[in-house]
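In what follows, a single structure is set out as structure tokens and then discussed.
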Amino acid sequence: MKVLVLNCGSSSLKYQLIEMQGETVLAKGLVEKIGEGISILKYELQTGKELAIEEKIADHSQAIEMVLEILQDKSHGVIKNMDEINVVGHRVVHGGEKFSGSVLINNEVCKALEENIKLAPLHNPANLIGIKVSQRLMPDTPDVGVFDTAFHQSMSEESFLYAVPYAWYQENGVRRYGFHGTSHKYVSEKAAELINRDYNQLRIISCHLGNGASIAAINQGQVIDTSMGFTPLEGVAMGTRSGDLDPGIIPYIMKERNLTIEDIDSILNKESGVLGISSISNDFRDLSEAAKSGNKRAELALEIFCRRVKKYIGSYAALMGGIDVIIFTAGIGENAINVREKILSNMDYFGIELSSEKNNLRGQEAEISAANSRVKVYVIPTNEELVIAREAKKIIKNKIRKVIEDVLNS
Ligand code: AMP
């Protein structure tokens, strides 16, 4: 079975074509700057051979058409025709409360996704466009939606409710949803596999630290809390997002600096976090370099980021009555040696001891805790595309099974 995974962002499209037998990535790539003048389509084959095409790509429809064309190209393609694609798996950011698992897309699902646009105005519209274009270009191929929020739907009311009027939840959908669910699911299941323990017996803290960052507490296979909330703005400080903040600051600073709702939303999402503190960069490579050369604000930004992550680890340990495994993943989690070290410093009273020798690695799956550490610490590169492909395969297999059962029972 071949699954095409599509991840549509506001001006980008990430794609992978995966052969599920052996879970081999046949081709993958990225289209950047869609609708922004000259766009770039990057294409990489299993052999490592890479291509980059620069041209004007007006919208997601054209981008997906180009991806399908290159996948079938006589010289560089990996399939003869589109019929070889058995299912398309779409990343969808917000599934709201309606979707606690992946779904086969139909008109009803599309309608529900449209209703969720107000919950994720930056992400869901692009995801929906991807689905509509895929349905138009490959009308006979099923589409499956895999939601970033779904893995977190196991949270209980005391975890997902905010202490605001209950009507905000009932009438306006205000609650913690959580994001990066596919990533937390992938790395936490992988960790259980690596330590050869039953997933449903473990207390896991998964730290997805990328430009967007979130922490999840997974107790006996279920998410019991996560740091991102109603939107991806809550939680730890991030590249450009503020993370947790006293809500009282918002009306105060809006008055003081004469800001509109749009201004404050944009500042908290795009000009805050480690970029806001350092005024240098949202990239941890730049910050680490600057801190090394004595820039105090870069050092402060790194300290604040690490401190926030440490606080979440401590609070989740309290909620789960201890920790068995901590996982670092995504751009910073997989690569920033100094950040991992800082976050887990002086936590031996929790049974957490890092091995500085083992921690000296980037982008590889490995245990980095010391031999005597009671809590196992792992770096696990995330693979959201593979989770989406596995989910798409599962949904299609279940659908086929159901059709056969119905025929046999009729
Ligand atoms: P992501 O959102 O998961 O793609 O992560 C992107 C972020 O990872 C970048 O903004 C950097 O801050 C960080 N990152 C990537 N590579 C490195 C590296 N080698 N060292 C430190 N941070 C890195």
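When a ligand or atom number is given, it counts from 1 through the structure's own listing order. Source: prediction; values computed, not measured.
Remark: ligand 1 and F284 share an N or O pair separated by less than 3.5 Å (distance only, no angle test).
For R175 and F160, the positive end sits near the middle of the six-membered ring, less than 6.0 Å away and at most 45° from its axis.
In plain terms, the two heavy atoms of I261 and M254 that are nearest each other are N-CE, 3.7 Å. Of all heavy-atom pairs spanning A63 and V31, the tightest one is CB-CG1, 4.2 Å.
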* To do: Evaluate the criterion side chain to side chain donor-acceptor pair (under 3.5 Å) for residue pair H184 and S206; output intermediate values, then yes/no.
  => CA-CA 6 Å; H184 290 301; S206 164; 2.7 Å; yes
* Steps toward side-chain contact (heavy atoms from CB on, under 4.5 Å) verdict (V375, V325) -> CA-CA 5 Å; V375 177; V325 189; 5.8 Å; no
* Derivation and outcome, side chain to side chain donor-acceptor pair (under 3.5 Å), residues R203 and N219 -> CA-CA 5 Å; R203 296 162 299 178; N219 194 19; 5.5 Å; no
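Of all the listed residues (T382, L287, D283), D283 holds the heavy atom that lies closest to atom 11 (C) of ligand 1. Distances from atom 2 (O) of ligand 1 to the heavy atoms of N282, N211, L209, D286 show the closest one on N211. Here the shortest heavy-atom distance to atom 8 (O) of ligand 1, taken over S288, A336, G331, belongs to G331.
Close contacts of ligand 1 with A330, meaning ligand atoms under 4.0 Å from a residue heavy atom, involve 3 (O). Remark: ligand 1 atoms within the under-4.0 Å shell around heavy atoms of I332 are 8 (O), 12 (O), 13 (C).
Between the CG atom in N7 and the CG atom in D148 there is a gap of 8.0 Å [rounded to 0.5 Å].
Protein heavy atom at the shortest distance from atom 18 (C) of ligand 1 is N335 CB, 3.3 Å. Nearest protein neighbour of atom 21 (C) of ligand 1, counting heavy atoms only, is R285 CG, 3.6 Å.
Distance screen at 4.0 Å: atom 14 (N) of ligand 1 has a protein heavy-atom neighbour inside the cut-off.
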